[in-house]
Amino acid sequence: MPWVTRLNRMPRWAAFLGVLALMVAGILVPKVGFVFTLLIGVFLGWLIFLTWPRLAGPEKLMRFAVVGLVLAVAVMQAFPKS
């Protein structure tokens, strides 16, 4: 998988800064900020898919909880109450 190889070659701080930038954009950009948050959720889901065979039961549940939380935030941003 070329994307996994490329991601593995990147410095760890670069991936962190990329996710952080998407989170900040998701918070600060009005009306379409949920798209950035949704991208984070998709990226985390992809990482779960790649690491699934190596994860134990509690680790799978914790990662699903994080992805669920990110996707819930994206839905709340997409459909605000007021």
Side-chain angles (χ1 to χ4, degrees):
M1 294 184 163
W3 286 99
V4 176
T5 306
R6 189 175 302 163
L7 187 63
N8 197 27
R9 285 187 203 155
M10 288 176 54
R12 301 286 182 230
W13 56 268
F16 172 75
L17 287 179
V19 170
L20 183 65
L22 284 173
M23 287 177 66
V24 169
I27 292 169
L28 296 179
V29 175
K31 297 191 182 186
V32 294
F34 73 93
V35 175
F36 299 114
T37 309
L38 191 62
L39 282 173
I40 294 169
V42 169
F43 177 69
L44 291 176
W46 179 63
L47 287 179
I48 287 175
F49 172 75
L50 292 176
T51 59
W52 190 260
R54 294 182 177 229
L55 297 176
E59 292 171 332
K60 291 176 183 178
L61 288 174
M62 287 188 302
R63 293 190 186 190
F64 268 128
V66 169
V67 171
L69 181 65
V70 170
L71 293 178
V73 168
V75 168
M76 289 172 46
Q77 287 177 326
F79 304 107
K81 272 191 166 184
S82 56

Leu22 side, atom CG; Ile40 side, atom CD1 - distance, nearest 0.5 Å: 5.0 Å
List the steps and the verdict of side chain to side chain contact (heavy atoms under 4.5 Å, CB included) for Val67 and Trp46. CA-CA 10 Å; Val67 171; Trp46 179 63; over 6 Å; no
Applying a strict under-4.5 Å side-chain criterion to I, L, V, M, F, W and Y, I'd like to know whether Trp52 and Met62 cluster together. no
Heavy-atom closest pair (Ala56 atom, Glu59 atom, distance to 0.1 Å) is N-OE1, 2.9 Å
Measure the spacing between CZ of Arg12 and CG of Leu17 and express it to the nearest 0.5 Å. 14.0 Å
Measure across Gln77 and Phe34 and return the closest heavy-atom pair with its distance rounded to 0.1 Å. OE1-CA, 3.3 Å
Euclidean distance, Leu20 CG relative to Trp13 CH2, rounded to 0.5 Å: 13.0 Å
Under a 4.5 Å side-chain heavy-atom rule over Ile, Leu, Val, Met, Phe, Trp and Tyr, are Leu47 and Val19 clustered together? yes
Between Leu55 and Phe49, is there a shared hydrophobic cluster once you connect ILVMFWY residues whose side-chain heavy atoms come closer than 4.5 Å? no
Mind checking whether Val73 and Val75 sit in one hydrophobic cluster, side chains of I, L, V, M, F, W, Y counted as touching below 4.5 Å? no
Hydrophobic clusters here meaning ILVMFWY residues chained together by side-chain heavy-atom distances under 4.5 Å, can you tell me if Phe43 and Val35 are in one? no
I would like to know whether Val32 and Val29 meet side chain to side chain contact (heavy atoms under 4.5 Å, CB included); could you show each step before the answer? CA-CA 6 Å; Val32 294; Val29 175; 3.5 Å; yes
Write down the atom of Gly26, the atom of Thr37, and the distance for their closest heavy-atom approach. CA-OG1, 3.8 Å
Within the structure provided, determine whether Met23 and Phe36 are in side-chain contact (heavy-atom separation under 4.5 Å). no
Apply the test side chain to side chain contact (heavy atoms under 4.5 Å, CB included) to residues Val70 and Leu38: give CA-CA distance (whole Å), side-chain angles for both, the deciding distance (0.1 Å), then the verdict. CA-CA 7 Å; Val70 170; Leu38 191 62; over 6 Å; no
